Amino acid sequence: MMMSSGSGSGSSVVVVREFDENKDRFGVEDVERRCEVGPSGKLCLFTDLLGDPICRVRNSPAFLMLVAEIGEEIVGMIRGCIKTVTCGKKLSRNGKNNNQNKHLPVYTKVAYILGLRVSPSHRRMGIGLKLVTRIEEWFRETGAEYSYIATENDNYASVKLFTDKCGYSKFRTPSILVNPVFAHRLAVSGRVTVIGLGPADAEALYRHKFSTTEFFPRDIDTVLNNKLTLGTFLAVPRGTYTPESWPGSDLFLTNPPESWAVLSVWNCSDVFKLEVRGASRVQLTLAKTTRIVDRVFPWLRIPSVPEVFSPFGLHFMYGLGGEGPRAVKMVKALCSYAHNLAKESGCGVVATEVSSGEPLKLGIPHWKKLSCAEDLWCIKRLGEDYSDGSVGDWTKSPPGLSIFVDPREF
């Protein structure tokens with residue numbers, strides 16, 4: 001696909017065009033480096049895309065990256081992807097027996113904007129607005145009904161651009177929960193059995209139990225079969241099933257135990273690396289000391305600070321859900337299991353993102369200093385020629401208890 005547009009005069013003409021992997025990579029990386037300059041004296045998080053500028057959208061069903069250039073210099077970029085997700089639910093009346101009624105998902109085509117960057121030396125020139133406008137044109141051409149973005153609540157420049165100039169409204173405020181990976185393994189409760197599910201069983205479970213959850217991807221099978229998904233894990237009370245006696249999702253769903261929980265793990269380490277910069281020499285020394293003590297005396301189970309001051313990888317837990325009075329404890333057991341999986345892979349942290357009102361949030365261990373209590377999602381309806389259907393205007397709908405965060409976009 002080819003697209004380009006230009007505005008301005010003389011040497012300041014801004015041209016927006018599609019990213020060219022063969023010639024734009026170094027220019028894009030240069031803009032990324034110039035944008036990632038943290039405030040002096042503060043800890044800041046930096047991202048290494050491992051030489052692949054489109055890595056964060058490459059696994060989506062449809063994606064596009066645009067660059068803005070003046071002359072031969074790249075001064076900005078934006079990435080976007082499109083998928084079909086659940087935006088609500090409707091009641092299906094199956095026969096005359098009201099007990100057979102059940103909720104079915106209502107799907108819509110939604111676009112997601114991420115990785116908007118403008119070089120510091122070229123800001124306040126309308127380049128960010130121009131990039132957003134051009135990517136939204138592609139969204140409309142591809143049939144997306146909504147577009148949304150995720151940003152930090154305190155990123156005032158980003159929030160102002162999207163809400164004041166681009167017509168977006170504040171929509172959801174999920175929580176990003178991050179837990180360090182310690183040098184010691186975490187104990188998984190002996191009252192819980194963890195069973196690894198194959199992609200087909202995982203898909204059946206997710207579609208049956210969570211397809212009406214907001215933002216649930218209709219192509220969940222593609223996500224589960226992606227090589228970056230390291231597995232789906234189900235926690236049940238000890239004595240219910242063993243990995244060898246697992247009957248499959250269909251029989252499990254026919255007669256589930258009183259309490260259970262499930263989550264999947266996505267390997268972000270093969271997509272990007274993170275690094276914390278700005279630590280003082282004292283902070284670095286203290287963190288190193290905790291790691292040394294944790295490695296030498298693992299039975300003490302000291303909550304050591306991981307090696308996050310050099311590039312590190314992470315695992316992302318997605319599709320987290322469950323039912324029953326002990327579901328929170330089941331989730332905690334699964335998080336311990338996921339921690340140990342991340343430890344074996346050499347990751348620095350394990351992360352997840354859940355609705356701020358998620359009932360199972362209490363079972364997710366995390367460090368507040370590493371987490372983001374309130375991420376901000378903003379949304380926009382791209383056109384008025386769509387039918388309101390059974391949901392109405394999604395941008396005006398109240399939040400549900402849960403939300404499905406697609407690992408392809410974390």
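Model, not experiment: these values are computed from the prediction.
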Just checking [X]: does its [atom1] atom have more than 12 heavy atoms from other residues, nucleotides or ligands closer to it than 6.0 angstrom?
| X | atom1 | value |
| --- | --- | --- |
| Arg58 | CZ | yes |
| Glu344 | CD | yes |
| Arg301 | CZ | yes |
| Glu73 | CD | yes |
| Lys380 | NZ | yes |

Check: [X]/[Y] side-chain N/O donor and acceptor closer than 3.5 Å:
| X | Y | value |
| --- | --- | --- |
| Trp394 | Glu145 | no |
| Thr232 | Tyr206 | no |
| His366 | Asn179 | no |
| Tyr318 | Thr229 | yes |
| Trp246 | Asp201 | yes |
| Asn226 | Asn59 | yes |
| Arg34 | Ser119 | yes |

Would you find a donor on one side and an acceptor on the other, under 3.5 Å apart, between the side chain of [X] and the backbone of [Y]?
| X | Y | value |
| --- | --- | --- |
| Ser189 | Arg191 | yes |
| Asn340 | Leu186 | yes |
| Ser175 | Leu177 | no |
| His315 | Gly348 | no |
| Ser269 | Leu314 | yes |
| Arg123 | Gly128 | no |
| Thr163 | Val159 | yes |

Between [X] and [Y], is there a side-chain N and carboxylate O pair less than 4.0 Å apart?
| X | Y | value |
| --- | --- | --- |
| Arg56 | Glu32 | no |
| Asp294 | Arg291 | no |
| Lys209 | Glu203 | no |
| Arg17 | Glu69 | yes |
| Asp219 | Arg408 | yes |
| Glu29 | Arg25 | yes |

**Study point:** Full working for ring-ring contact (aromatic ring centres under 6.0 Å, His included) between Tyr148 and Phe171
**Key:** CA-CA 9 Å; Tyr148 78 106; Phe171 189 55; 8.2 Å; no

Practice item. Could you tell me whether the side chain of Trp367 reaches within less than 4.5 Å of the side chain of Pro303, counting heavy atoms only? Key: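 Touching, per the 4.5 Å side-chain cut-off.
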
Review point. Can the ring centroids of Phe404 and Phe210 be said to lie less than 6.0 angstrom from one another?
Key: no

Review point. Is the distance between the ring centroids of Phe215 and Trp377 under 6.0 Å?
Key: yes

